[in-house]
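Input: a single structure, listed below in structure tokens.
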Number of protein chains: 2
Amino acid sequence: MSDKATIYDIAKKLNISAATVSRALNDHPKTSIKTKIRVQETALELGYEQNKLALALKSGRSNNIGVIVPRIDINFFGSIIRGIEDELYPKGYHIIICQTHDNEEKEIQNINALLNAQVDGIITSITKNTKSTTIFDRILEKNTPLIFVDRKLNLKGASSVTLNDFKGAYMATQHLIEQGCKRILHLTVLGHKSVEIYKHRLDGYTQALLDNNIPFDKNLIIETENDLEGGKKAGLKIMKFNESPDGIFSSSDFMLLGAIKEIKSHGVNIPEDIAVIGFSNEPFTKFMENPISSVDQCALDMGKLAARVFLEQINAPQLIKIEKNVVLAPKLKIRQSSLKKVICN
Amino acid sequence: MSDKATIYDIAKKLNISAATVSRALNDHPKTSIKTKIRVQETALELGYEQNKLALALKSGRSNNIGVIVPRIDINFFGSIIRGIEDELYPKGYHIIICQTHDNEEKEIQNINALLNAQVDGIITSITKNTKSTTIFDRILEKNTPLIFVDRKLNLKGASSVTLNDFKGAYMATQHLIEQGCKRILHLTVLGHKSVEIYKHRLDGYTQALLDNNIPFDKNLIIETENDLEGGKKAGLKIMKFNESPDGIFSSSDFMLLGAIKEIKSHGVNIPEDIAVIGFSNEPFTKFMENPISSVDQCALDMGKLAARVFLEQINAPQLIKIEKNVVLAPKLKIRQSSLKKVICN
DNA sequence: CTGTTAGCGCATTCAT
DNA sequence: ATGAATGCGCTAACAG
């Protein structure tokens, strides 16, 4: 019944104009307190609620922000979104979620749809397969704030919040070296050359070796699929080495888990024989009977920061274009899998 | 520059009326093919895109649907949302995400905000603390489709997609019995009486015992906090029993994991001494060195079904109100932790 | 302090 | 087949 009451309904009932009602509702300074009260009362009585759609059309601001991620049910992205929501909800923004499933075409569709829906900004993690930047240029042409999280494109006018993958890898490798490892193997993702983050992780690993005067050995780089099976394959390869590594730094927790399972099945002990550390701090790493060390990506913080960058941009004076590139330092989560030395927990 | 082209821009350029442009764009039957083509061409040229906001205001349909969950970064809810998105995106709907953090006040705020944003429907999992139904009644009064997922309220006019928790618990308990367990302990959540699902799980457990002529022993019910610590506490209690249980069915994987860690530290073997099975099929359960059996909640399916129920409601003729209550059968994920008998994997 | 007018962008009657 | 007019609900500019 109370399907929808508009300001006109209130106006009619009070024999005043809709404009006055609008002003009263918005607490406009030039309105008598009397009418304000009367309006508020009848608004309540009629169950009036502001239609944000009309407001959005009028103002050109929808108060919605689009968030596009590869998959929403991946813990990392879920946490990023949570960070964004936590930060933006109190400011009156709503979050519209889209998934690309790492499909560039879906990415383009999503962006177009969000733009048509008049979102006030877009926060996104690009596809693994994103080749073209034209769709992103369109966002910028429309003066819609664009913020990349984690997986980014280098575009003038776009902001970004990323993790210092190089540093994370460096820290992890350094940690293994400090544990006494001399022959550290690196597990990287097949086709990593096309994804910045894996390149950076490889570079961090290499640099750490260099800084510690450990020779780089290209035979100690194994490229495999980023899943359990890929890890197992890699583990098998490792078991066939003449000289086994004494440490593994993996660019992914999943690959590492596969490798661990395989290696253990050969009677090799972790961390005694081989100390290992992964990347991403997947939830399962800390729940294992023998918890796995990993590099935490601070997903929640990344989301929060991306949200703040958006707010800065949206609140900036018209003519000023803010472009901000935030790089977060990762955190090492040291657990049993990489501790050769005895340490009090 | 191409900030925004409207149908008026196209109309002006072609010296025709906006109405004609609108019709041409919508492939209206009573428009000459010639103009259709001309309009489409200049639309492309001008980079025209439909403003969904205006459309929404006009039509009263925003093509947005609100989804409210306790937390988006919990795997279960992430999967539900993914299911919803997968199903609704191809139909042109967008998903607006909100979190309650299990706070009833935030729940009310979220619903009001979504209603004001003119969403076409709301899919939600209620708070653990939801006491009042008035806010949900408001949704229904507005004739906005309301679909509960997993955690539901029994309201006339609202639909629901839930898991058969009773059956899941029954299956899990039955499985333990089949493994030869005689003294099966049940781990339930503190204050479970206020949340339907835990009650149902307890009931399923009880019924399975009954059906197998195993006496119910209230000392074998332990109530604890739903987290690792709570599980550890429970594990300690169990270790102090005069007569140890030989099986555990836990209403939560997290509690179970805590209990397992505690129990193992006392030298008790799993599954040999105590076979265990949890609930929810959390991702970590299958990644463990000794994978944990669990009841899968089919989150993805629940999301998809909820989306379909929404579509049915929204597409139903005006006067017909569809109320649908779907109950999904859970799936047992049997892994090492509950297999006393040797089975070929 | 309040009323009138107009417009955000679109689709839809009613004419023609 | 097309144009003119109207309204979705709201706010802002301009009068008064």
Side-chain angles (χ1 to χ4, degrees), chain A residues 2-40 42-43 46-64 92 113 115-120 142-143, chain B residues 2-40 42-43 46-64 92 113 115-120 142-143:
Chain A
S2 74
D3 213 4
K4 55 192 80 170
T6 72
I7 51 173
Y8 287 98
D9 297 325
I10 300 178
K12 198 178 292 172
K13 184 148 192 179
L14 258 39
N15 269 322
I16 56 178
S17 77
T20 306
V21 175
S22 172
R23 280 186 291 251
L25 252 16
N26 289 306
D27 207 25
H28 190 94
K30 290 184 198 161
T31 344
S32 79
I33 303 187
K34 247 187 168 174
T35 40
K36 275 186 193 172
I37 294 176
R38 288 175 60 211
V39 166
Q40 306 236 350
T42 50
L46 264 46
Y48 167 80
E49 270 155 48
Q50 192 186 46
N51 183 332
K52 300 280 184 192
L53 236 41
L55 185 64
L57 179 61
K58 175 84 179 126
S59 68
R61 286 186 161 211
S62 66
N63 268 35
N64 284 152
L115 253 20
N116 295 168
Q118 312 298 117
V119 291
D120 295 344
K142 288 209 164 195
N143 289 321
Chain B
S2 72
D3 214 4
K4 55 192 81 169
T6 73
I7 51 172
Y8 288 97
D9 297 325
I10 300 178
K12 198 178 294 174
K13 184 149 192 177
L14 259 39
N15 270 322
I16 55 177
S17 77
T20 305
V21 175
S22 171
R23 279 187 290 251
L25 252 17
N26 289 306
D27 206 26
H28 191 94
K30 289 185 198 161
T31 346
S32 79
I33 302 188
K34 247 187 169 173
T35 40
K36 275 186 192 171
I37 294 176
R38 289 174 62 210
V39 166
Q40 306 238 351
T42 50
L46 263 48
Y48 167 80
E49 271 155 47
Q50 192 187 47
N51 183 331
K52 300 279 183 192
L53 236 42
L55 184 65
L57 180 60
K58 177 84 179 129
S59 68
R61 284 187 161 211
S62 66
N63 268 36
N64 284 152
L115 253 21
N116 294 169
Q118 312 297 120
V119 292
D120 295 344
K142 287 208 165 195
N143 288 321

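Quantities reported herein were computed from a predicted structural model and do not represent experimental measurements.
Between the CD1 atom of B:Ile16 and the P atom of D:dT2 there is a distance of 8 Å, given to the nearest Å. Rounded to whole angstrom, the span from the CZ atom of B:Arg61 across to the P atom of C:dA11 amounts to 15 Å. Straight-line distance from the NZ atom of A:Lys12 to the C1' atom of C:dG3: 17 Å, rounded to whole Å. Between A:Ile10 atom CD1 and C:dG3 atom P there is a gap of 14 Å when expressed in whole angstrom units.
Contact annotation: A:Ser17 reaches the phosphate of C:dG3 (side-chain N/O to OP1 or OP2, under 4.0 Å). Of the side-chain N and O atoms in B:Ser32, none sit less than 4.0 angstrom from OP1 or OP2 of D:dA1.
B:Leu14 contributes atom CG, which lies 10.0 Å from atom OG1 of B:Thr20 (distance to the nearest 0.5 angstrom).
Partner of B:Val21 under the side chain to side chain contact (heavy atoms under 4.5 Å, CB included) criterion, out of B:Ile10, B:Asn26, B:Thr6: B:Ile10 alone. Tested against B:Arg23, the residues B:Thr31, B:Val39, B:Thr35 include a single side chain to side chain contact (heavy atoms under 4.5 Å, CB included) partner, B:Thr31.
Closest approach of A:Ala18 and A:Tyr8 over heavy atoms only: CB-CE2, 3.6 Å.
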Counting primed atoms, P, OP1 and OP2 as sugar-phosphate and everything else as base, the B/S/- map of nucleotides 8-16 of chain D against protein heavy atoms under 4.0 Å is BBBBBB---
Fill in: Residues B:Gln50, A:Asn116; criterion side chain to side chain donor-acceptor pair (under 3.5 Å); working and verdict
CA-CA 6 Å; B:Gln50 192 187 47; A:Asn116 295 168; over 6 Å; no
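Looking at A:Asp120, its side chain never comes within 3.5 Å of a backbone N or O of A:Arg61 through a donor-acceptor pair.
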